[in-house]
There are 2 protein chains.
Amino acid sequence: MARKQTTYVILGILAIHDNQSGYEIRKTIQQTVGFFWGESFGQIYPTLKKLLADGLIVAASPGSAPKARRQEYSITAAGLACLQEWLVIPYRDDPPRDEFLLKLFFGHEATPSVCIAHVRKFQDQHRRLLNTLLELEGLARIHSSNNPGFPFWMLTLSYGLARLRSDLEWSESALAMLLTQEAAAASNAPLAKNEHAANLA
Amino acid sequence: MARKQTTYVILGILAIHDNQSGYEIRKTIQQTVGFFWGESFGQIYPTLKKLLADGLIVAASPGSAPKARRQEYSITAAGLACLQEWLVIPYRDDPPRDEFLLKLFFGHEATPSVCIAHVRKFQDQHRRLLNTLLELEGLARIHSSNNPGFPFWMLTLSYGLARLRSDLEWSESALAMLLTQEAAAASNAPLAKNEHAANLA
DNA sequence: ACACACATGTAATTGGTTACATGATTTC
DNA sequence: GAAATCATGTAACCAATTACATGTGTGT
């Protein structure tokens, strides 16, 4: 039975920590797998309904503080089985699409400063994400190091950190290259003017 | 005017090399930006019609060998302007989705061999892609090093290579970790049995 | 004759984002 | 009392994949 990916993120998150509302599930997703996975409410709430109807999750009333109108869910045995079935299926790599690289690839059609701006944005974002991941790593080590899932979380985290560092390293050399090219272009134009002036004189 | 991304890939490809058919454009995309961008025919042909209607490209009859029924296109001044406008707009990073990492993150819910299989597949794919990119780099250096776009192509290529190497390095340590964990799990089960037998004796 | 690459297109479906609509609770 | 966060949901839209349908040219 082919289900959409949202199904499995939700099941997986509930398998790690039960009794979460749709709102909380989304927050947990952002805080744990957010750096390589995103989900929107427009996707989460309908999926939750479907999972409930299929018996993969059950509705549980909030234990302690019954705030607002709020529905918590837990994973069922059937849900766990469904998750485990999915886990063994070879992953399919989603068709790659990187608008940043695409703009860079066509960079010759733009002025030098355009690519420089893109790479700077890229660096900013990656630096910020690096800080976030380092914080996340610290928190995980403190609060979850005895959790059986911990080694796997560290695996994805170390992937993220390795990639981030590689990306930042690359971006430095890319920026250096673009800046020298810009400088060359800038010195060529005035040079051309000077030559023109020299010719006139 | 907001256009879909397919628009700009096509325009960009035609800006680099004119007089290509839809079929050729797709092939070119695969061979140049394929490692970070994909396009399907279901997307290309309708977009080509739209670009033609909007005057961003023009239909050109095949120059030399008029094979099959086949339509070549070239970019217009308006098309180039449209591409350039798009290039300066800050890139928006597409919401990240990596099924491989997601399965790894939930790895604790599966048997150790499951994650190992995923990582092995990951390694295979990345090694193959590394070879492809190295070949691509060689070809580009031979045939296009004097093209004004060359530095930008090398930028994306070096990004791909850096990432690939980082990914492969990570995958080695990930695999090592998973293998020791698997060995530990395998030696624990028999150990438990032995203890049980010892208790009986 | 057969297979493969060339070549173009359409239709169905899906997976997903975004915007909209609503309202309660907490905090300042 | 205003603002932020918590909380749930629906509807419109869209970009893109996939499968389907069709046919030609080339090489074996």
Side-chain angles (χ1 to χ4, degrees), chain A residues 1-10 19-31 33-34 36-53 57 59-73 86 91-99 102, chain B residues 1-10 19-31 33-34 36-53 57 59-73 86 91-99 102:
Chain A
M1 195 191 306
R3 290 172 187 277
K4 51 186 164 188
Q5 295 173 310
T6 307
T7 299
Y8 304 106
V9 200
I10 293 177
N19 289 318
Q20 289 185 82
S21 67
Y23 192 85
E24 275 180 314
I25 288 171
R26 202 216 174 192
K27 218 180 169 187
T28 307
I29 290 172
Q30 287 178 334
Q31 288 169 351
V33 295
F36 63 83
W37 201 275
E39 287 293 345
S40 62
F41 287 130
Q43 202 67 351
I44 287 177
Y45 286 116
T47 306
L48 239 21
K49 287 269 165 87
K50 179 109 203 315
L51 294 179
L52 194 61
I57 59 175
S61 47
S64 46
K67 321 170 178 181
R69 57 190 176 120
R70 158 199 162 83
Q71 188 54 64
E72 293 185 350
Y73 300 94
W86 173 76
Y91 69 89
R92 60 176 173 95
D93 24 23
D94 15 32
R97 287 212 151 182
D98 192 319
E99 198 177 285
L102 194 64
Chain B
M1 195 191 308
R3 291 172 186 276
K4 51 186 164 188
Q5 295 172 311
T6 307
T7 298
Y8 304 105
V9 200
I10 293 177
N19 288 319
Q20 290 185 81
S21 66
Y23 192 86
E24 273 179 316
I25 288 170
R26 200 213 176 196
K27 220 181 169 186
T28 306
I29 289 172
Q30 287 178 335
Q31 289 169 352
V33 295
F36 63 82
W37 201 274
E39 286 293 345
S40 62
F41 286 128
Q43 203 63 353
I44 287 177
Y45 286 116
T47 305
L48 239 20
K49 288 267 164 89
K50 179 108 203 316
L51 294 180
L52 193 61
I57 59 175
S61 47
S64 47
K67 320 170 177 181
R69 55 187 178 119
R70 158 199 163 80
Q71 189 53 64
E72 293 185 349
Y73 300 94
W86 173 76
Y91 68 90
R92 61 177 172 96
D93 24 22
D94 16 31
R97 287 213 148 180
D98 191 319
E99 197 177 287
L102 194 63

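A, B, ... follow the sequence lines: proteins, then strands. Residue 1 opens every chain.
- A/Tyr23 does not carry A/Arg70 over the face of its six-membered ring by the limits of under 6.0 Å from the centre and within 45° of the normal.
- Taking the nucleotide of DNA chain D with the nearest heavy atom to each of B/Arg92 and A/Pro46, the more 5' of the two is matched to A/Pro46.
- Here B/Gln5 lies in heavy-atom contact (under 4.0 Å) with sugar-phosphate atoms only.
- Here D/dG9 presents its P atom at 14 Å from OH of A/Tyr23, a figure rounded to the nearest Å.
- Nearest-nucleotide assignment on DNA chain C puts the 5′-proximal partner with B/Glu24, out of B/Gly42 and B/Glu24.
- Distance B/Gln20 CD to C/dC6 P: 13 Å, rounded to the nearest Å.
- For the pair A/Thr6 and B/Ser21, both in contact range of DNA chain C, the more 5′-proximal nearest nucleotide belongs to B/Ser21.
- Each of A/Thr6, A/Thr7, A/Ile10 was evaluated against A/Leu48; a single residue qualifies, A/Ile10, per the side-chain contact (heavy atoms from CB on, under 4.5 Å) test.
- In this entry the distance linking CZ of B/Phe41 with C1' of D/dC20 reads 15 Å, nearest Å.
- Summarising the geometry of B/Trp37 relative to B/Ile29, their closest heavy-atom pair is O-CG2, 4.0 Å, with the distance given to 0.1 Å.
- Side chain of A/Arg26 to main chain of A/Glu39: a donor-acceptor pair is present (N/O by atom type, distance under 3.5 Å, no hydrogens or angles).
- Taking atom CD of A/Gln30 as the reference point, atom P of D/dT5 lies 13 Å away to the nearest angstrom.
- Taking atom CZ of residue B/Arg70 and atom P of nucleotide D/dT26, one finds them 12 Å apart after rounding to whole Å.
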Exercise for the section: Determine, step by step, whether B/Tyr45 and B/Gln71 satisfy the side chain to side chain contact (heavy atoms under 4.5 Å, CB included) criterion, reporting the C-alpha distance in whole Å, the side-chain angles of both residues, the deciding distance to 0.1 Å, and the verdict. Expected result: CA-CA 11 Å; B/Tyr45 286 116; B/Gln71 189 53 64; over 6 Å; no
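- Dashed line: the shortest gap from a side-chain N or O of A/Lys27 to OP1 or OP2 of D/dT5 is not under 4.0 Å.
- Distance from the side chain of A/Tyr45 is smallest for D/dT8 among the nucleotides D/dA15, D/dT8, C/dA7.
- Residue-level contact check: B/Ser40 touches the bases, meaning some heavy atom is under 4.0 Å from a base atom.
- For A/Lys49, taking side-chain heavy atoms from C-beta onward, the closest of the listed nucleotides D/dA15, C/dT8, D/dG9 is D/dG9.
- As rounded to whole Å, 13 Å separates atom C1' of D/dT10 from atom CD of A/Gln43.
- When rounded to the nearest whole Å, the span between CD1 of B/Ile10 and P of C/dT8 equals 12 Å.
- Contacts of A/Gly22 with the nucleic acid, taken as non-hydrogen atoms under 4.0 Å apart, involve only primed sugar atoms and P, OP1 or OP2.
- The CG atom of B/Asp94 sits 15 Å away from the C1' atom of D/dC14 (whole-angstrom rounding).
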